[in-house]
Amino acid sequence: MATSASAYENDIKNLKATELTLGLPGTHLQQNVPIIDQEKSSASSSSNKRPLQLPHEETSPAQDCGSKCSNIAKNTDDDAAPPPSKAKIVGWPPIRSYRKNSLQEQSEAAGGIYVKVSMDGAPYLRKIDLKIYGGYPQLLKALENMFKLTIGEYSEKEGYKGSDYAPTYEDKDGDWMLVGDVPWDMFVTSCKRLRIMKGSEARGLGCAV
Amino acid sequence: MKKAAYSFPEEVLEHVFSFIVSDKDRSSISLVCKSWYEIERWCRRKVFVGNCYAVSPPILIKRFPELRSVTLKGKPHFADFNLVPEGWGGFACPWIRAMAGAYPWLEEIRLKRMVVSDESLEIIAKSFRNFKVLVLSSCEGFTTEGLAAIAANCRNLRELDLRESEVEDLSGRWLSDFPDSYTSLESLNISCLGNEVNLLALERLVSRCPNLKTLRLNRAVPLDRLPNLLRGAPQLAELGTGAYTSEMRPDVFSNLAEAFAGCKQLKTLSGFWDVLPSYLPAVYPICSQLISLNLSYATVQSPDLIKLVSRCEKLQKLWVLDYIEDDGLEVLAASCKDLRELRVFPSDPFGLEPNVALTEQGLVSVSEGCPKLQSVLYFCRQMSNAALNTIARNRPNLTRFRLCIIEPRSPDYLTLQPLDDGFGAIVEHCKDLRRLSLSGLLTDRVFGYIGTYGKKLEMLSVAFAGDSDLGLHHVLSGCDNLRKLEIRDCPFGDKALLANAAKLETMRSLWMSSCSVSFGACKVLGQKMPRLNVEVMDESGPPDSRPESSPVEKLYVYRTVAGPRLDMPGFVWTMDDNSALRIS
């Protein structure tokens with residue numbers, strides 16, 4: 001996906017974004033996925049990827065990371081690129097149309113802002129509706145419940161102290177930001193997806209500037 | 001000749017017969033002798049017609065002149081999944097017209113998968129003075145105008161249930177057509193309606209009907225109107241909410257919680273569209289009395305579901321989305337020891353990857369923890385023979401087992417083997433299994449098991465399975481009680497079908513689509529079996545424009561005493577015993 005020069009400037013300003021790291025190749029998420037899905041995930045990793053920044057690289061965000069990104073591809077490519085096309089079989093899975101419609105309607109429901117949430121090390125994506133949370137505390141509590149972990153206290157200077165996890169999000173410009181940096185309303189309208197980062201990457205966040 | 005047994009006066013026999021209620025038993029009575037047949041048919045009040053084309057209105061009316069209750073089913077089950085094209089049939093009108101003339105005292109009409117017009121509803125409204133029950137299940141073809149006619153005219157109506165029907169919702173005004181003097185409503189299900197109904201009219205209706213036990217609202221009824229409705233019907237036993245969301249305000253919540261707490265008889269809950277999780281605790285006061293909970297529209301996550309379900313110790317039936325995940329099912333297994341039925345629906349059926357942590361393990365947990373579990377419908381993305389084996393051994397009392405592994409032809413994810421042995425274990429151990437739906441990678445072997453062990457099996461659904469005609473042959477020759485068989489996308493063809501032609505007369509119906517049955521074989525079947533209707537469906541044109549050996553798109557075979565039907569659309573051909581192609 002092409003990124004303009006102005007987005008690059010944006011990135012320089014948002015140094016926190018450039019602090020983010022990719023998961024190391026060995027720690028990628030495919031291990032727990034049933035064998036049957038591997039065909040599909042390898043198909044998806046060949047599609048167009050979002051460029052992500054490595055902390056020690058000062059590369060333009062327009063650079064295509066190619067295979068480095070493929071490990072994350074499973075979770076991050078869904079909205080950026082069209083999903084691998086799969087011919088829909090008529091009448092399969094066997095679900096009544098009013099159910100299908102209802103699920104669709106509820107996800108498009110007036111005001112519903114659905115974003116995918118992934119967590120490093122977990123094979124499953126979740127979808128949440130940002131509209132139902134009044135603010136950051138409720139959102140973080142929900143994430144803690146959902147993934148059974150503690151996220152810790154947020155502070156502007158130090159990010160998420162006291163925990164191995166840090167919630168991050170991808171904003172409209174494609175940059176990865178720490179959750180909590182911007183006012184809630186701004187966050188809700190600009191957040192495209194969430195990712196709960198783990199381990200050293202998480203601890204590294206928020207220490208810059 | 002001994003006369004003793006047959007010299008009871010008719011009235012005595014009639015009285016005895018009145019205690020025999022099941023259709024099967026009444027049928028047996030009627031076969032004893034001619035006089036019993038005669039007495040029975042005059043005092044039969046209730047009839048169930050599983051396939052509306054198996055018999056005709058005149059035949060029904062001639063045999064049973066004094067019916068009070070009629071149930072009719074129309075389209076084949078796979079119509080639910082869009083496999084039956086529009087216009088196929090199942091028209092209720094000819095039946096309703098005929099019954100209007102013959103049964104002025106008819107009280108109950110129940111229709112499933114039929115096409116019902118407003119005109120038919122108007123006929124019902126005007127023809128039966130004592131009309132009490134109208135159930136339209138998965139029907140279509142009518143609008144709210146037809147409902148208005150029912151509301152305005154049926155003074156003694158007790159039950160109006162539109163479950164899962166497709167109604168053209170022109171206006172919510174129809175509800176106001178119930179006169180103010182009308183107070184006999186006991187059950188109302190309008191959950192399928194798209195538009196708002198007149199809420200004031202609804203509130204007044206609910207509060208003036210003291211026997212109202214079942215109220216299933218539609219999504220358009222806002223949550224803040226629910227407390228008023230509940231206060232108007234504290235005797236309610238079954239409630240379907242509307243949209244379960246609102247601006248989070250403490251007074252709305254407490255009002256709601258109080259209203260729920262006031263419904264001491266409430267045992268069944270459903271609805272829950274657009275759930276705002278923070279409102280779920282409003283139902284906590286009644287959880288301990290719930291026996292049935294339908295959360296299959298509730299897009300809330302596992303923790304919220306767990307909090308709710310763990311409080312429902314008397315729960316017998318749970319329908320839920322796969323958001324409940326394996327963890328939630330484990331809690332269910334630990335908390336709800338009375339569970340009889342579980343249905344888990346997919347929240348993201350077309351997604352390529354799992355979006356929730358729900359696997360075969362959840363079902364295994366429930367099979368371990370819930371000793372009364374009889375009925376299962378489970379959508380998941382992975383399964384193993386080991387899990388199926390465990391489930392079968394844990395729960396030999398299963399009577400309905402429907403498993404849908406979302407990706408067709410998925411093997412055992414641990415061994416990469418077909419799931420033949422797993423399903424084999426199910427049919428072997430669950431000796432009372434009446435209904436089975438298969439999925440995953442399956443060879444002819446599984447059908448061998450089904451034919452050998454599935455002796456009580458009445459309905460079997462098969463998709464993307466099997467290797468050859470042998471599979472179909474095992475089922476048709478082995479399953480003694482098979483009534484309905486529906487098959488799609490399997491390599492089953494002519495040999496098994498023709499070899500087991502006689503079996504088809506002992507069944508209600510057979511559906512085969514995207515299989516390998518040739519047009520020629522269909523013609524032969526139609527010729528050989530005059531008491532079967534062999535209908536070929538092909539939307540690409542008349543089957544005889546292609547070679548006899550080409551496979552037909554869809555085949556629907558059913559037994560009938562009414563001969564070929566006369567209302568077939570252009571894409572349906574009947575293979576009648578003239579063996580010539582007849583286009584209706």
Side-chain angles (χ1 to χ4, degrees), chain A residues 29-30 32-41 43-44 74-75 78 83-86 88-107 109-112 114 116-118 122-129 131-134 138 141-148, chain B residues 78 80-83 138 164 166 192 219 243 245 248 273-278 296-299 301-304 321 323 325 327 345-359 379 381-382 402 404-411 413-414 416 437 439 461 463-464 488-489 513-514:
Chain A
L29 311 141
Q30 283 193 354
N32 296 340
V33 172
I35 294 166
I36 199 92
D37 281 339
Q38 275 184 354
E39 238 180 48
K40 298 187 210 98
S41 36
S44 65
K74 213 169 88 62
N75 276 346
D78 294 331
S85 65
K86 177 183 169 133
K88 271 208 196 144
I89 305 170
V90 175
W92 193 267
I95 304 173
R96 304 287 304 274
S97 24
Y98 64 79
R99 276 194 191 285
K100 282 187 259 180
N101 295 342
S102 172
L103 286 174
Q104 212 173 347
E105 281 165 31
Q106 287 189 86
S107 73
Y114 282 80
K116 296 193 184 187
V117 188
S118 62
Y124 302 102
L125 297 181
R126 308 286 204 282
K127 252 190 200 159
I128 59 171
D129 177 4
K131 269 274 157 141
I132 68 176
Y133 304 107
Q138 290 97 318
K141 187 137 193 290
L143 292 176
E144 289 181 333
N145 277 341
M146 209 178 279
F147 293 98
K148 316 234 187 327
Chain B
F78 273 176
D80 284 356
F81 314 126
N82 302 328
L83 288 177
S138 304
E164 293 150 31
E166 247 180 71
C192 61
R219 193 166 170 187
T245 185
M248 189 59 194
W273 288 279
D274 312 308
V275 177
L276 191 58
S278 33
S296 61
Y297 297 107
T299 51
Q301 305 290 343
S302 184
D304 296 304
L321 286 170
Y323 287 126
E325 300 190 332
D327 284 351
F345 295 94
S347 54
D348 189 15
F350 302 112
L352 292 174
E353 287 155 14
N355 65 320
V356 289
L358 180 110
T359 68
F379 282 82
R381 288 171 190 274
Q382 68 186 43
R402 295 154 72 185
C404 179
I405 305 164
I406 289 179
E407 178 67 25
R409 302 193 184 92
S410 300
Y413 78 101
L414 294 169
L416 298 187
S437 299
S439 58
S461 309
F464 306 103
R488 62 163 297 176
D489 293 278
S513 57
S514 307

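Side chains are part of it too, since the values below use all heavy atoms of this structure and drop only hydrogens, waters and symmetry mates. Convention: sequence-line order gives letters A, B, ...; per-chain numbering from 1.
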Looking at every heavy atom in both B:Asn82 and A:Val90, which two are closest together, and how far apart are they? O-CG1, 4.0 Å

Which heavy atom of B:Phe379 sits nearest a heavy atom of A:Pro93, and at what distance? CE2-CB, 4.0 Å

What part of B:Asp304 is in contact with chain A, defined as an atom under 4.5 angstrom from a non-hydrogen atom: side chain, backbone, both or neither? neither

Taking CD in A:Glu144 as the centre, count heavy atoms belonging to other residues, nucleotides or ligands within less than 6.0 Å. Is the count above 12? yes

Which heavy atom in A:Tyr114 sits nearest to a heavy atom in B:Thr299, and how many Å separate them? OH-OG1, 4.2 Å

Under a 4.5 Å heavy-atom cut-off, does chain A meet the side chain of B:Ile406, its backbone, both or neither? both

Applying side-chain hydrogen bond (donor to acceptor under 3.5 Å, both in side chains), name anything that partners A:Arg126, two or more places apart in sequence or on another chain. B:Glu325

With the side chain counted from C-beta on, respond yes when B:Asp348 and A:Leu103 share a heavy-atom pair under 4.5 Å apart, and no when they do not. no

How many angstroms lie between CG in A:Asn145 and OG in B:Ser302, if you round to the nearest 0.5 Å? 10.0 Å

Minimum heavy-atom separation for B:Phe464 and A:Ile89, please, with both atom names. CZ-CG2, 3.8 Å

Residues two or more places apart in sequence or in another chain: which of them pass side-chain hydrogen bond (donor to acceptor under 3.5 Å, both in side chains) with B:Ser513? B:Trp511

Please classify the contact between B:Thr359 and chain A as side chain, backbone, both or neither, with a heavy-atom cut-off of under 4.5 Å. side chain

Nearest 0.5 Å, please: how far is CG in B:Asp274 from OG in A:Ser102? 7.5 Å

May I ask you to establish whether A:Arg99 and B:Phe345 are in a cation-pi arrangement, using a distance under 6.0 Å from NZ or CZ to the six-membered ring centre and at most 45° from the ring axis? yes

Cut-off 4.5 Å, heavy atoms of chain A, and the answer for B:Ile405 is backbone

Under 4.5 Å to a heavy atom of chain A? For B:Pro303 that would be side chain

What part of B:Pro277 lies closer than 4.5 angstrom to a heavy atom of chain A: side chain, backbone, both or neither? side chain

Heavy-atom pairs under 4.5 Å with chain A: which of B:Ala243, B:Ser278, B:Ser296, B:Ser439 has the most? B:Ser296

A:Lys100 NZ: over 12 foreign heavy atoms closer than 6.0 Å: yes

Using non-hydrogen atoms and a 4.5 Å limit, figure out which bit of B:Ser138 sits close to chain A: side chain, backbone, both or neither. both

Which region of B:Phe78, side chain (C-beta onward) or backbone (N, CA, C, O), has a non-hydrogen atom less than 4.5 Å from a non-hydrogen atom of chain A, or is it both or neither? neither

Using a cut-off of under 4.5 Å for heavy-atom pairs, which of B:Asp489, B:Val356, B:Thr245, B:Leu276 has the most such pairs with chain A? B:Val356

Please round to the nearest 0.5 Å and tell me the distance separating atom CH2 of A:Trp92 and atom CZ of B:Phe350. 11.5 Å

